[in-house]
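Scope of the values below: all heavy atoms of this structure, side chains included, with no hydrogens, waters or symmetry mates. Computed from a prediction, not measured in an experiment: that's the story for all the values here. Throughout, protein chains are lettered first and strands after them, A, B, ... in sequence-line order, and every chain is numbered starting at 1.
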Amino acid sequence: MDLARPDLRPDPSLSRAEMEALQREIAAAATFEDDHGLDPAAVAVEEVASLADGLPPARDEAQARLGTGDDERSADTTPDPDAPTVVGVDQAFLTDRGEDRPDAAVSAAVALRGGRVIEYASATTSLSIPYIPGLLAFREGEPILAALDALDADPDLLICDGSGRIHFREAGLATHVGVLRDVPSVGVAKSLLCGDPDEVTDERPEGWRTPIRADDAVTTAEAGTVIGHAFQSRQYPNSRRVNPLYVSPGHRLSAETAVDLVAALCAGYKLPEPTRLADAYADTVKRDAD
DNA sequence: GCGACAG
DNA sequence: ATCTTGTCGC
């Protein structure tokens, strides 16, 4: 059965209070427990991936394009058809020369299966509301859904750039998108919106993690509830300066499984491969735009 | 009034 | 997020 919740899609004219109320509904509809068939080992990306080099780039919006590789090497490059499809989404912004505010968002979605890119697509949409801490999903949610619509692949897992449950109302970007589509989702943020790490996060070794617990800024959860993890995805031997990632479940995942999945999706860079590739593709589309 | 805040 | 070259270190 289809448990997607298009009814929770925000109306563009919502007031701030209405947006916050909608987030409480979204959080209530979200599941922060494991409800999926994903095995971190099955989604793992063992080697650094890349967008299918040498293939025509995906068309913006309507026409997503397969990037599976040459026919000659199809036997080697065809990913396991039974492996789950993991989709990373990220955005880049376009600012008209002379303007100070970005007026359009380029959303990119990159699908991987068995550690290889199988498809990528993008959508360029005009921006309606400005960035407001806590309300990011109202700025980036629709653009992201547009990019997902441009993809033929059916995501088994979404990796979003931003928070999921680590949010004032437990309804960050990853939760918003995950609930609207009823797809397991994870939020990967580069800085912490709210909550408290159990331990100091500075100068930690690669692979290290610590729980993030709700503090009084999280109005919908009891203080102390684990809402995510700080995760040191990468660290350099000598110079200690890489900040950890802040990983939180978006929908249908526990906080623990969310970090396990992200750890499995990292392959040498700070960001998990789906996010890193979506980031790179969004930049490419943006550059081609001007 | 002060603090504090994803992208 | 964005505006941007070189530069420090492995």
Side-chain angles (χ1 to χ4, degrees), chain A residues 16 19-20 23 26-27 88-109 122 124-145 147 158-178 185-197 201 203 206 212 214-220 227-231 234-250 258 262 268-272 275-276 278-287 289-290:
Chain A
R16 178 171 184 142
M19 289 191 270
E20 293 180 354
Q23 289 187 322
I26 288 171
V89 289
D90 192 26
Q91 297 173 307
F93 297 86
L94 300 168
T95 306
D96 278 341
R97 196 171 62 76
E99 301 300 322
D100 51 344
R101 300 254 174 205
D103 67 322
V106 173
S107 300
S122 73
T124 299
T125 45
S126 56
L127 260 20
S128 47
I129 78 168
Y131 165 68
I132 299 169
L135 299 179
L136 179 66
F138 294 93
R139 175 177 172 81
E140 303 194 347
E142 282 303 312
I144 286 174
L145 293 176
L158 291 177
I159 308 297
C160 301
D161 61 313
S163 292
R165 194 182 186 184
I166 293 179
H167 181 271
F168 308 132
R169 292 165 292 278
E170 297 177 278
L173 182 61
T175 303
H176 185 104
V177 175
S185 62
V186 179
V188 177
K190 292 180 287 298
S191 60
L192 190 59
L193 177 62
C194 57
D196 284 322
T201 60
E203 303 178 32
E206 207 165 286
I212 301 291
D215 56 10
D216 53 15
V218 181
T219 62
T220 55
I227 55 177
H229 292 267
F231 172 59
R234 179 159 201 205
Q235 194 57 277
Y236 299 120
N238 285 335
S239 65
R240 73 299 181 277
R241 53 173 187 183
V242 179
N243 295 122
L245 253 24
Y246 296 94
V247 180
S248 58
V262 169
Y269 290 86
K270 171 173 178 173
L271 295 174
T275 303
R276 190 180 67 78
D279 182 78
Y281 186 51
D283 272 339
T284 297
V285 174
K286 176 187 174 176
R287 286 179 49 194
D290 51 31

Results of ring pair (Phe, Tyr, Trp, His ring centres under 6.0 Å) for A:F138 - residues two or more places apart only: A:H176
Stem regions touching DNA chain B, defined by at least 3 consecutive Watson-Crick or wobble G-U pairs below 3.5 angstrom: none
Set of residues satisfying side-chain contact (heavy atoms from CB on, under 4.5 Å) with respect to A:A109, sequence neighbours excluded: A:V87, A:V89, A:A147, A:L148, A:L151
Partner set under side-chain hydrogen bond (donor to acceptor under 3.5 Å, both in side chains) for A:R234, not counting sequence neighbours: none
Pairs involving residues 129-144 of chain A, ordered by first then second residue, that meet side-chain hydrogen bond (donor to acceptor under 3.5 Å, both in side chains) (sequence neighbours left out): none
Nearest non-hydrogen partners of A:P143 and A:Q91, listed with the distance: CB-NE2, 3.2 Å
Contact state string [nucleotides 2-7 of chain B, B base, S sugar-phosphate only, - no protein heavy atom under 4.0 Å]: ---BBB
Residue list, side-chain contact (heavy atoms from CB on, under 4.5 Å) with A:A258, at least two apart or on another chain: A:V186, A:V247, A:P249
For A:E20, all residues meeting side-chain hydrogen bond (donor to acceptor under 3.5 Å, both in side chains), sequence neighbours excluded: A:R16
A:D283 or A:R241, whichever maps to the more 5' nucleotide of DNA chain C: A:D283
Side chains of A:L135 and A:F168 in contact at under 4.5 Å (non-hydrogen atoms): no
Touch class at under 4.0 angstrom, heavy-atom based, for A:A217 against every strand present: nothing
A:T220: side-chain hydrogen bond (donor to acceptor under 3.5 Å, both in side chains) partners, not counting sequence neighbours: A:E170
Value rounded to 0.5 Å, distance of CG in A:N243 from CD in A:Q235: 9.0 Å
By side-chain contact (heavy atoms from CB on, under 4.5 Å) - contacts of A:D96 (at least two apart): A:E99, A:D103
Outermost DNA chain C nucleotides near chain A [under 4.0 Å, heavy atoms]: C:dA1 to C:dC10
Student check: side-chain heavy atoms of A:V106 and A:L94 closer than 4.5 Å: yes
Sub-4.5 Å side-chain heavy-atom contact between A:C194 and A:V218: yes
Secondary-structure notation, DNA chain C, from Watson-Crick and G-U pairs under 3.5 angstrom (| other strand): ..........
